[in-house]
Protein chains: 2
Amino acid sequence: MSLALRDSPLVAGTTRDRIKEHARAIGYIYNRRAASLRTSRSGIVGVVVHDIMNPFFAEILRSIESELDRSRQTFILSNHYDQLEKQRTFIDTLLQLGADGVIMSPAIGTPASDILMAEENGLPAVLIARTVEGADVPVFRGDDAYGTGLATNHLISLGHKRIAMIGGTDQTSTGRDRYQGYVNAMEAAGLEVGPSWRIAGPRTKQAGFEAAGQFLALKDKPTAACCWNDLVAIGLMNGIARAGLVPGVDISVTGYDDLEEAAIATPALTTVWNGQREVGRRAASALLDKLNGQTVRPSQELIKPELHVRQSTGKPVERA
Amino acid sequence: MSLALRDSPLVAGTTRDRIKEHARAIGYIYNRRAASLRTSRSGIVGVVVHDIMNPFFAEILRSIESELDRSRQTFILSNHYDQLEKQRTFIDTLLQLGADGVIMSPAIGTPASDILMAEENGLPAVLIARTVEGADVPVFRGDDAYGTGLATNHLISLGHKRIAMIGGTDQTSTGRDRYQGYVNAMEAAGLEVGPSWRIAGPRTKQAGFEAAGQFLALKDKPTAACCWNDLVAIGLMNGIARAGLVPGVDISVTGYDDLEEAAIATPALTTVWNGQREVGRRAASALLDKLNGQTVRPSQELIKPELHVRQSTGKPVERA
DNA sequence: CTGAAAGCGCTTACAG
DNA sequence: CTGAAAGCGCTTACAG
């Protein structure tokens with residue numbers, strides 16, 4: 001019977017149809033636990049990211065979803081909120097469920113051994129967005145240093161000389177790379193990076209909004225802000241507007257990610273497209289290849305970002 | 001051994017510790033598929049909503065997550081994007097995995113028989129946000145008609161007489177209820193509802209943004225917009241600002257949901273708090289009760305919304 | 001080609 | 001209290 005339901009060529013067409021019809025009639029439900037126990041394939045893929053509600057991950061997840069759907073894999077989502085313990089619990093759950101693989105944006109502080117452990121227990125991993133030093137797995141992410149370089153150079157070319165970097169943390173590879181790209185661009189242009197010009201931390205709209213006060217009170221007031229991501233940029237612009245200044249005129253602001261929202265922000269946000277779709281699609285397809293027994297060599301795949309210029313950046317306005 | 005690992009009192013303390021230590025040493029992984037096959041409990045709960053990336057659902061999901069976490073249930077998320085087929089596939093997957101229950105915001109057009117089928121196959125269901133006529137299960141949602149009534153009355157009390165309703169669809173109970181609340185409030189105040197004053201459809205920031213043009217071109221131009229949700233309201237405000245008008249001054253706008261974002265929008269959005277946390281927490285806890293064999297009677301639980309007045313609403317400004 | 005049997009890793013009722 | 005055995009529902013190798 002199981003052969004018939006799976007359309008095996010070993011079973012004749014009419015027999016197959018008769019069995020399928022009968023199965024439907026009695027409301028037969030295929031028991032995947034039993035099948036998986038026998039075959040040790042579950043058809044489950046885990047995805048764990050910092051926060052699935054963050055629109056940056058949301059766009060990645062959509063493309064992972066559509067890629068996995070085509071291979072009829074069920075995917076289980078989880079947030080780790082950058083808590084190593086939550087991430088470990090989730091990986092443990094995946095192992096217990098016999099998941100076939102995991103796509104993860106590793107939590108801050110993830111040791112390579114965590115990933116090694118998963119792989120050794122038959123749970124192949126693919127990383128997105130962040131790297132883990134020493135983990136021997138494929139990684140798909142944007143070229144962050146290059147991306148913030150694009151944004152910073154754009155501001156420099158408009159004539160800005162005092163440019164702050166708002167948000168992000170040194171605890172992730174992404175954070176270090178984005179900051180480095182900004183610093184490199186500044187130095188290449190012979191510009192100084194004021195010691196207080198980095199406001200580290202913010203990664204949400206709310207935090208960007210709150211950072212506006214600190215930003216506007218900076219010594220040698222910068223005329224532009226290169227933000228960690230679109231959320232911070234939009235929050236910052238709201239904060240700037242609240243303070244009576246006009247973002248895009250009085251202060252130039254760049255974002256990062258090019259979320260759908262960036263285009264409809266007021267003013268429309270100049271930002272760096274980060275290839276979310278690409279990252280998701282390629283990570284999922286690499287994992288599927290692995291599951292199908294193909295050898296996928298560990299590699300750092302850097303998607304090249306692109307600058308999208310809109311209305312939130314302009315020439316600097318010097319005030320008295 | 002399995003008794004020891006589950007801390008059964010049948011096993012002496014020292015023996016238990018020795019076994020646990022050994023299990024850790026050899027890297028033992030508990031096989032939940034096997035256990036579930038035997039016990040027919042899987043520890044999996046499914047959650048399916050229109051779109052998990054929508055911040056309205058995101059806030060509900062967070063509270064479901066924390067509630068289920070405490071009972072050590074794994075939850076599987078899925079979007080149905082209001083496609084009945086996707087929802088059915090997901091429910092099917094849950095049945096095949098032997099999930100213990102499902103929390104769903106039913107897709108448009110979900111027949112009661114779909115829910116009945118799940119329940120009959122041992123998958124108890126709890127609904128959130130939307131009702132399905134004839135489905136005999138608990139439903140947790142906000143009192144939508146009351147909520148839009150609050151918003152509309154607030155606008156009326158400020159002196160507005162021409163108020164449009166932007167967004168939402170008649171295909172969901174939520175959509176019908178919110179529209180009805182608006183109409184009731186208008187009629188109770190003896191105000192006319194202009195036939196073109198309802199712009200149905202928009203439910204996203206993008207769509208709200210795009211609706212601004214249509215709104216601003218309405219005959220007998222309304223002075224205020226009661227929006228379907230915060231996303232539409234924020235999008236609409238952005239569109240209004242793009243057109244050179246000042247939202248909150250030239251046009252009053254109300255939202256619905258009171259997302260975290262509402263407070264930091266520019267201007268800060270007057271909106272209706274919709275009890276997302278409550279909805280999630282209570283739905284999860286009702287499902288857990290069901291799983292534990294308690295009889296949970298099917299009922300409509302309406303969470304009372306509250307108006308939060310901010311800067312996006314003010315007295316009407318009549319222009320020449 | 002068909003059918004009966006073994007076995008995946010658990011839990012639980014049962015015999016010792 | 002302990003240990004061996006049955007059985008959950010599949011898949012697959014094997015005997016007929």
Side-chain angles (χ1 to χ4, degrees), chain A residues 1-44 46 71-74 91-101 117-118 120-124 291-293, chain B residues 1-44 46 71-74 91-101 117-118 120-124 291-293:
Chain A
M1 162 149 159
S2 75
L3 291 171
L5 291 175
R6 278 176 295 140
D7 293 326
S8 162
L10 297 175
V11 180
T14 49
T15 316
R16 184 183 58 223
D17 292 347
R18 206 162 33 75
I19 292 180
K20 279 195 168 179
E21 177 47 37
H22 183 61
R24 202 173 309 121
I26 62 170
Y28 168 75
I29 291 169
Y30 177 73
N31 187 324
R32 270 166 62 164
R33 294 162 288 177
S36 146
L37 189 56
R38 181 61 232 251
T39 62
S40 65
R41 279 285 291 254
S42 62
I44 291 175
S71 303
R72 329 205 92 268
Q73 295 272 333
T74 301
I91 290 181
D92 222 53
T93 301
L94 291 178
L95 289 170
Q96 295 185 2
L97 291 171
D100 296 335
M117 187 278 278
E120 277 176 350
N121 286 291
L123 186 72
L291 299 189
N292 293 327
Chain B
M1 163 151 159
S2 75
L3 291 172
L5 292 175
R6 279 177 296 140
D7 295 327
S8 160
L10 297 175
V11 180
T14 49
T15 316
R16 182 182 60 223
D17 293 346
R18 207 160 34 76
I19 293 179
K20 280 195 167 179
E21 177 47 36
H22 184 62
R24 201 174 308 122
I26 62 171
Y28 167 76
I29 291 169
Y30 178 72
N31 188 323
R32 269 166 62 164
R33 295 163 287 178
S36 146
L37 190 55
R38 182 60 232 251
T39 62
S40 66
R41 278 285 291 254
S42 62
I44 292 174
S71 304
R72 328 205 94 267
Q73 294 272 333
T74 301
I91 289 181
D92 222 52
T93 300
L94 291 178
L95 288 169
Q96 295 185 3
L97 291 172
D100 296 335
M117 187 278 278
E120 276 176 350
N121 285 290
L123 187 72
L291 299 189
N292 292 326

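By convention in this document, chain letters (A, B, ...) are assigned in the order of the sequence lines, proteins followed by strands, and residues within each chain are numbered from 1.
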Figure out the [atom1]/[atom2] separation between [X] and [N], and round it to whole Å.
X     : N      : atom1 : atom2 : answer
B:R32 : C:dT11 : CZ    : C1'   : 16 Å
A:N31 : C:dC10 : CG    : C1'   : 14 Å
B:Q96 : D:dT11 : CD    : P     : 11 Å
B:R33 : D:dC10 : CZ    : C1'   : 12 Å
A:R41 : D:dT11 : CZ    : P     : 14 Å
A:R38 : C:dC8  : CZ    : P     : 8 Å

Any strand, both distances under 3.5 Å, Watson-Crick or G-U wobble: C:dA4 pairs with none

If pairing means Watson-Crick or G-U wobble with both distances under 3.5 Å, then the partner of C:dA13 is none

Taken to the nearest 0.5 Å, the spacing of A:I44 CD1 from B:R33 CZ works out to 8.5 Å

Minimal heavy-atom distance between B:I91 and B:L123, with the atoms involved, is CG2-CD2, 4.1 Å

Worksheet entry | Stepwise side chain to side chain donor-acceptor pair (under 3.5 Å) check, A:R32 with A:T74 | CA-CA 11 Å; A:R32 270 166 62 164; A:T74 301; 3.0 Å; yes

Note to self: Less than 4.5 Å apart, side chain to side chain, heavy atoms only: is that true for B:S42 and B:L97?
What the structure shows: no

Regarding the side chain of A:L37, the nearest nucleotide among C:dG9, D:dT12, C:dT11 is C:dG9

